[in-house]
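Some notes on the structure that comes next.
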Amino acid sequence: MGLFSRAVVATLPLVPKFAVGRVASRYVAGETLDEAVEVIRRLNGEGAMATIDVLGEEVAERAKAEEAVDEYLRAIAAIVAHRLDANVSIKPTLLGLKLDRGFCCDNVRRVAAAAKAHDMFVRIDMEDRTTTDATLAIYDELFPALGNLGVVLQAYMRRTLADVDALPESGANVRLCKGIYIEPREAAWKGYETVRHNFVAVLDKMLRQGVYAAIATHDEYLVCAAVALLERHRVPRARYEFQMLLGVERRLRQILVAGGHRLRVYVPYGADWYSYSIRRLRENPEVATHVMRATFERTFGRNGRE
Ligand SMILES: Cc1cc2nc3c(=O)[nH]c(=O)nc-3n(C[C@H](O)[C@H](O)[C@H](O)COP(=O)(O)OP(=O)(O)OC[C@H]3O[C@@H](n4cnc5c(N)ncnc54)[C@H](O)[C@@H]3O)c2cc1C
């Protein structure tokens with residue numbers, strides 16, 4: 001990332017919300033469930049599956065967590081009603097993890113039980129390191145009875161190779177991603193190549209253990225390494241999928257689908273789009289250009305003139 005981009009990324013919280021909104025619209029399906037349904041219908045038409053994320057993070061009140069559960073129940077009903085090829089992804093802190101672990105566990109159970117009634121899978125997203133143990137504990141507690149649950153492991157975490165050992169012996173379904181939160185060096189590998197190296201090592205271990213692998217990356221190097229590992233371990237098509245975020249690397253997505261791989265797109269929607277978008281913008285090295293263009297267009301008119 002160039003110096004200028006890095007400077008803009010550092011000052012993103014100061015960027016006007018409308019400018020973030022203009023650029024962010026590619027990463028978010030919209031504010032409503034209906035908009036998410038339309039996006040998923042289009043993705044399904046292109047041969048991609050989807051997972052719905054109701055936007056929002058860490059709640060401070062139980063009522064907010066319960067609202068999130070209700071929204072997930074509506075999302076599950078919509079997937080069924082519209083016969084979409086989709087499932088849901090949930091964030092523990094949105095479902096009350098920081099308030100009370102037992103309460104969060106009950107909320108995850110409610111969502112997973114509603115999905116299970118329709119043979120639908122539920123993914124528990126992984127957040128920052130302060131939530132890792134509790135998230136894995138909720139998964140361990142609920143998985144044996146429900147079965148339709150999976151977790152996420154982050155390749156940048158030093159603990160992740162060991163976490164693979166603790167997965168259930170059969171039926172484990174894990175999304176592997178690099179990891180998005182800013183973690184201290186004691187907890188996380190830091191170098192770009194180092195994280196790639198660990199991603200490959202963890203994926204290799206997962207495949208050797210027979211874990212269903214949801215390979216979540218837009219990094220062509222890792223896609224290439226994953227394809228080689230899948231071939232080496234003779235993993236059948238039904239035992240893995242690639243995953244990408246809405247609005248990122250559409251071309252690579254199409255190439256993988258055309259190549260016969262199953263691929264799922266993460267489709268976030270909801271009123272709480274701002275913090276999600278800021279995280280996505282931080283990752284994108286071209287962020288500076290887009291945000292600045294949106295700001296200048298708004299301030300000076302479409303051509304950047306006053
Ligand atoms: C389906 C899915 C689910 C995820 N779930 C979690 C989770 O539960 N917990 C968690 O911590 N993280 C999660 N992540 C985020 C993940 O950890 C990474 O931060 C993110 O995917 C970027 O890593 P990358 O492997 O694509 O590699 P990068 O090296 O970051 O990106 C590779 C290339 O992809 C493109 N690219 C990447 N991001 C963007 C962007 N925002 N805009 C435009 N282009 C971009 C660029 O061309 C870049 O060079 C998820 C990612 C995906 C795809």
Side-chain angles (χ1 to χ4, degrees), residues 23-56 71-72 74-76 78-91 94 111 115 118-126 148 150-155 173-180 199 203 212-220 222-224 226-227 230 237-270 272-273 276-277 279-281 283-284:
V23 180
S25 57
R26 66 189 266 207
Y27 301 121
V28 176
E31 294 209 356
T32 67
L33 178 56
D34 286 347
E35 287 169 293
V37 166
E38 275 321 301
V39 168
I40 294 172
R41 221 196 286 276
R42 183 171 48 72
L43 289 167
N44 286 173
E46 292 171 9
M49 307 174 288
T51 186
I52 289 187
D53 169 49
V54 175
L55 285 170
E71 190 60 29
Y72 270 107
R74 289 183 58 228
I76 289 167
I79 290 171
V80 175
H82 295 279
R83 298 170 188 272
L84 301 173
D85 191 349
N87 59 35
V88 296
S89 290
I90 54 181
K91 284 204 168 41
L94 178 65
V111 175
H118 302 285
D119 253 342
M120 192 188 299
F121 178 80
V122 175
R123 172 83 54 199
I124 311 176
D125 286 349
M126 188 59 81
N148 62 328
V151 275
V152 176
L153 293 178
Q154 296 153 318
N173 180 325
V174 173
R175 174 196 297 152
L176 178 62
C177 64
K178 285 184 181 173
I180 182 76
F199 192 111
L203 181 60
Y212 180 102
I215 307 158
T217 184
H218 321 90
D219 182 347
E220 179 127 349
L222 287 180
V223 170
C224 172
V227 168
L230 292 165
R237 187 175 176 273
R239 294 291 305 154
Y240 74 92
E241 65 191 52
F242 283 95
Q243 295 195 344
M244 295 192 186
L245 301 172
L246 187 68
V248 181
E249 281 290 359
R250 181 156 185 245
R251 190 73 194 108
L252 182 56
R253 193 169 93 199
Q254 291 165 336
I255 290 167
L256 285 171
V257 170
H261 301 282
R262 290 163 68 243
L263 185 141
R264 190 177 302 277
V265 179
Y266 191 91
V267 178
Y269 80 91
D272 197 1
W273 53 268
Y276 178 84
S277 307
R279 275 216 305 276
R280 297 280 83 83
L281 293 176
E283 286 176 296
N284 185 355

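The figures here come from the full heavy-atom set of this structure, side chains too, leaving out hydrogens, waters and symmetry mates.
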Might you point out which heavy atoms bring [X] and [Y] nearest each other, and give the distance in Å?
| X | Y | result |
| --- | --- | --- |
| Val152 | Cys177 | CG1-SG, 3.7 Å |
| Glu71 | Tyr269 | OE2-OH, 2.6 Å |
| Asp272 | Gly56 | OD2-CA, 3.2 Å |
| Ala36 | Ala29 | CA-CB, 3.8 Å |
| Ala86 | Ile79 | O-CG2, 3.6 Å |

For [X] and [Y], indicate whether the former's side chain and the latter's backbone hold a donor-acceptor pair under 3.5 Å.
| X | Y | result |
| --- | --- | --- |
| Asp85 | Asn44 | no |
| Tyr240 | Arg262 | no |
| Arg237 | Gly260 | yes |
| Arg26 | Gly247 | yes |
| Arg253 | His218 | no |
| Asn148 | Met120 | yes |

Is there side-chain contact between [X] and [Y], with heavy atoms separated by less than 4.5 Å?
| X | Y | value |
| --- | --- | --- |
| Leu230 | Phe242 | yes |
| Glu38 | Arg41 | yes |
| Arg264 | Asn87 | yes |
| Leu222 | Lys178 | yes |
| Arg123 | Gln243 | yes |
| Thr51 | Arg175 | yes |

Option from Val54, Ile76, Val267, Asp53 for which side chain to side chain contact (heavy atoms under 4.5 Å, CB included) with Val88 holds =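 It is Ile76, the one option of Val54, Ile76, Val267, Asp53 that forms the side chain to side chain contact (heavy atoms under 4.5 Å, CB included) with Val88.
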Please round to the nearest 0.5 Å and tell me the distance separating atom [atom1] of [X] and atom [atom2] of [Y].
| X | Y | atom1 | atom2 | value |
| --- | --- | --- | --- | --- |
| Leu263 | Gln254 | CG | CD | 10.5 Å |
| Ile180 | Asp125 | CD1 | CG | 11.5 Å |
| Leu33 | Ile52 | CG | CD1 | 6.0 Å |
| Leu153 | Leu203 | CG | CG | 11.0 Å |
| Gln154 | Leu176 | CD | CG | 9.5 Å |
| Leu245 | Thr217 | CG | OG1 | 9.5 Å |

For Glu220, look at atom CD and say whether over 12 heavy atoms of other residues, nucleotides or ligands are found less than 6.0 Å away.
->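 12 or below, so no.
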